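Note that the structure is a prediction, hence the values are computed from the model and not measured.
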Amino acid sequence: MLSCRRLLSKSHKRNTKSKSRLTTPTPTPTPKPNNPHPTRQHQRRLPVGFLDEDAGGHGFSLKSTAPSHTHGVQPLGNLYFSSSASHNSRDSGLGSLNILTDELVLDVLGLLEGPHLGVLSTVSRAFYVFCSHEQLWRNLVLDAAKDGFLYTGSWKSTYVSAYKPGCDVASSKGLVIRDFYSDYLFQSWLCANMEMKAKWLERDNIQRRKCISVEEFISKFEEPNKPVLLEGCIDAWAALKKWDKRYLVDVCRDAKFAVGPVETKLGDYFRYSEQAREERPLYLFDPKFAEKVPQLSKDYEVPSYFREDLFSILGTERPDYRWIIMGPAGSGSSFHVDPNSTSAWNAVIKGAKKWVLFPPDFVPPGVHPSPDGAEVACPVSILEWFMNFYDAAREGKRKPIECVCKAGEVIFVPNGWWHLVINLEESIAITQNYVSRSNLLNVLDFLKRPNASTLVSGTKDRVNLHDKFKNAMETSFPGMIEELSAKAEEKVAQQKSSFWDTVTDSKAGAFRFSF
C-alpha cells in the first residue's frame with residue numbers, strides 16, 4: 001500500500017497531443033473518418049422517475065455480468081423520491097465547484113496527471129467519485145501507450161500496473177459513497193451494463209436479396225442509391241471458417257493494429273475486449289491490415305457486386321478504402337456518413353451488428369452536423385442514442401431502415417446515407433469503400449468542394465485529390481465523365497418535365513391541382 005501511495009505522489013510527463021478529450025468521442029471507432037470529430041452533446045438527464053439501479057422502471061435490463069455501480073452513484077431523480085436522503089454529497093464535496101456541470105468537472109479533471117488525480121481523490125467523497133471515473137484513466141493510459149497496453153480489468157488498474165508493477169489495484173473494491181446523485185455518471189455506468197431492448201432489435205425493414213445478378217444489383221440498388229442486405233455472396237470466403245481468435249493471433253503474430261488512438265497486438269486487444277465493461281468500448285479499426293498481414297487479404301475477396309472500383313486507378317495514392325473491424329458487444333460507430341462521398345459494403349465474418357440508416361436528405365434525431373459538414377455533434381455513446389432518440393426515430397415521419405446483419409451477410413451502404421452500427425456480440429468484419437460509375441460524379445463534386453482540405457479524408461494530399469483522380473479517369477477511361485454528365489443532365493431535364501406535366505393541363509393550359 002505504501003508503494004501505491006508513493007506512486008500517486010510521483011509525476012510523469014504526458015503527451016497531450018493525442019488526448020481523447022472527454023467532450024469528444026474517440027474518433028477511431030467511426031468507420032469512415034469523413035465524420036472527423038463527432039462531439040458530445042450537453043449534460044444528459046435521466047427520467048425523473050428513474051428510481052432503481054436495476055433499471056427496471058423503464059424496461060432496461062442489465063447484463064448478467066453487470067456489477068453494482070462501483071461507488072454507489074444513483075440517478076438524480078432518486079434524491080427527490082428518497083425519504084432518507086437530505087442532500088447530495090456531490091454538491092457538498094465539490095465545494096465552490098458544485099456550480100459546474102458533471103461534464104465540466106470531468107473536463108477540468110482531464111487536464112490533470114494521474115498522480116494528481118490520486119491526491120485529489122482524498123480531498124472528499126465527491127472528488128473520490130469523480131477522480132475514479134474510468135474515462136479519465138483510459139485517456140491517461142492511451143496517451144502513454146506508445147507500444148500498446150495490457151488491460152487488467154479497469155483503466156485505473158491498467159494505469160497503475162504500467163507504472164508500478166506489483167501494486168494490486170485491480171482487487172480493490174473501492175469505496176461506496178452514500179447519497180451521491182448524478183445522472184451523468186450513472187448513465188455512463190448504465191450504458192456500459194445494459195442489454196439492448198427487444199424493441200430496438202425487432203424492426204428489420206431492409207430489402208434482402210440472395211443470388212441476384214450484378215445487373216439487378218446495379219439497377220435496383222446502386223443506381224437508385226438504396227441500401228440492401230445481400231445473402232450468400234461470401235459463402236466461399238476462407239475467413240468465414242478460419243477467422244477465430246486463435247487463428248488470427250497466430251497469423252498476425254507481432255503485428256500491431258489501430259485501436260482508438262494507439263496500436264496494439266491482436267492478442268492484447270482480445271484480452272481487453274473480453275474484459276471490457278465500458279460505455280464506449282475501444283474498436284479495432286485498421287486500414288492497413290492487408291499490408292501488415294498479407295495473409296488476411298487472401299482469406300477473402302471482393303464480392304462481384306462491388307468489383308468496379310474506379311479509385312483503384314490511383315494505385316498507392318488512393319485514399320484509405322478497406323478496414324478490418326473487431327470489437328466486443330456494445331462497440332460500434334455512432335452516426336456518420338462515409339468518406340469522400342463513396343459507397344461501401346460491410347461483410348460480417350463473426351458475430352452480429354445492428355444497423356440504423358437514414359437517407360442523405362434527413363439528419364437523424366439527436367445528430368447535429370455543422371453547416372459545412374466538417375463536424376457532427378452526437379450523443380456520448382451509441383446506447384445513449386437508443387435510450388434518448390430511438391423512439392423519436394421509430395415514430396417519426398421519416399423512419400429509418402434497420403436490420404441485424406449476421407455472420408455471412410453483407411450490407412450495401414449507398415453514398416451519403418447516415419448510419420449507426422453497434423455490435424450485438426463480439427464481432428469481426430471487413431468493410432470497403434468504393435467508387436463505381438454510378439457514383440463517380442458525386443465523388444468528383446465532393447472532392448472539388450471549397451473546403452476539401454477539411455472534408456476529404458484518408459489521404460495526405462486532400463487538396464489535389466480531385467485533379468489527380470479526374471486526370472487519371474480521363475486517361476484510363478476517356479469519355480466516361482462526359483458521358484455520365486450528359487446522362488445526368490438528361491435525367492434532370494426529364495424529372496423537371498415530368499413534374500410540370502403533373503401540375504398543368506397540357507390541353508387547356510390551366511393548372512391542375514393534383515398534388
Side-chain angles (χ1 to χ4, degrees), residues 25 27 29-41 196-197 199-209 220-230 283 325 331-346 348 352-405 409-424 429 431 433-434 438-439 442-443 445-446 455 457:
T30 308
K32 313 300 182 284
N34 186 42
N35 174 18
H37 294 286
T39 54
R40 172 180 285 188
Q41 287 188 332
M196 291 282 286
K197 279 187 176 183
K199 74 173 183 178
W200 297 344
L201 302 175
E202 64 188 13
R203 176 176 284 174
D204 190 328
N205 59 351
I206 195 170
Q207 294 192 58
R208 292 174 175 264
R209 295 291 186 272
K220 292 186 177 180
F221 301 103
E222 189 179 69
E223 288 182 345
N225 213 41
K226 296 180 178 180
V228 63
L229 192 145
L230 301 166
Y283 214 12
I325 313 171
S331 60
S333 306
S334 56
F335 274 109
H336 64 282
V337 174
D338 280 348
N340 306 328
S341 198
T342 55
S343 297
W345 57 269
N346 185 298
V348 178
K353 297 172 178 285
K354 167 71 178 184
W355 287 75
V356 182
L357 305 96
F358 286 92
D361 62 345
F362 185 83
V363 179
V367 178
H368 305 281
S370 61
D372 63 357
E375 295 183 353
V376 179
C378 58
V380 178
S381 66
I382 300 170
L383 273 174
E384 185 178 348
W385 183 85
F386 275 97
M387 290 175 65
N388 296 329
F389 298 102
Y390 178 79
D391 287 346
R394 182 185 175 104
E395 304 303 328
K397 293 182 179 179
R398 299 292 298 274
K399 293 177 173 56
I401 289 180
E402 302 179 49
C403 68
V404 173
C405 191
E409 298 177 339
V410 179
I411 187 172
F412 166 63
V413 183
N415 81 90
W417 277 69
W418 291 93
H419 51 285
L420 167 153
V421 191
I422 183 170
N423 290 321
L424 303 180
T431 186
N433 288 66
Y434 73 103
S438 300
N439 191 33
N442 290 326
V443 172
D445 287 343
F446 181 89
L455 295 179
S457 66

With a 3.5 Å distance limit and no angle check, can you tell me whether Asn340 reaches the backbone of Ser457 through a side-chain donor-acceptor pair?
yes

Would you say Val367 and Phe389 make side-chain contact, with heavy atoms under 4.5 Å?
no

Thr342 versus Asn433, closest heavy-atom pair with distance
OG1-ND2, 2.8 Å

For Tyr390, enumerate each residue passing the side-chain hydrogen bond (donor to acceptor under 3.5 Å, both in side chains) test, keeping only those at least two apart in sequence or located in another chain.
Arg394, Glu402

Looking only at atom types and distance, does a side-chain atom of Lys353 sit under 3.5 Å from a main-chain N or O of Ala429, one as donor and one as acceptor?
no

Can you find a heavy atom in the side chain of Lys226 that is under 4.5 Å from one in the side chain of Ile401?
no

Can you name the residues that form a side-chain contact (heavy atoms from CB on, under 4.5 Å) with Asp372, not counting sequence neighbours?
Ser370, Ala374, Asn451

Do Arg203 and Pro400 come close enough that some side-chain heavy atom pair is under 4.5 Å?
yes

Roughly how far, to the nearest 0.5 Å, is the CH2 atom of Trp385 from the CH2 atom of Trp200?
10.0 Å

Would you say Asp204 and Leu229 make side-chain contact, with heavy atoms under 4.5 Å?
no

Ser341 and Asn439: which non-hydrogen atoms are nearest, and at how many Å?
O-ND2, 2.7 Å

Could I get the full list of side-chain contact (heavy atoms from CB on, under 4.5 Å) partners for Glu395, not counting sequence neighbours?
none

In short, Pro414 meets Pro227 closest at the heavy-atom pair CG-N, 3.4 Å

Which residues pass the ring-ring contact (aromatic ring centres under 6.0 Å, His included) test with Phe358, not counting sequence neighbours?
Phe335, Phe362

How many angstroms lie between CZ in Phe412 and CD in Gln207, if you round to the nearest 0.5 Å?
12.0 Å

Would you mind telling me which of Val348, Val421, Leu230, Asn346 makes a side-chain contact (heavy atoms from CB on, under 4.5 Å) with Cys405?
Val348

In short, Asn423 meets Tyr283 closest at the heavy-atom pair ND2-CE1, 3.3 Å

Side chains of Met196 and Leu383: closer than 4.5 Å at any heavy-atom pair?
yes

Are Asn415 and Phe446 close enough that some pair of their side-chain heavy atoms sits under 4.5 Å apart?
no

Do the non-hydrogen side-chain atoms of Phe386 and Lys197 ever get within less than 4.5 Å of each other?
no

Thr431 and Ile325: which non-hydrogen atoms are nearest, and at how many Å?
CG2-CD1, 3.4 Å

Pair Val413-Trp355, side chain to side chain contact (heavy atoms under 4.5 Å, CB included): steps then yes or no:
CA-CA 10 Å; Val413 183; Trp355 287 75; 3.6 Å; yes

Who are the side-chain contact (heavy atoms from CB on, under 4.5 Å) partners of Lys220, not counting sequence neighbours?
Glu216

Looking at every non-hydrogen atom in both residues, tell me the closest pair between Trp418 and Val363 and how far apart they are.
NE1-CA, 4.1 Å

Please identify each residue that fulfils side-chain contact (heavy atoms from CB on, under 4.5 Å) with Pro360, with sequence neighbours left out.
Asn225, Trp417

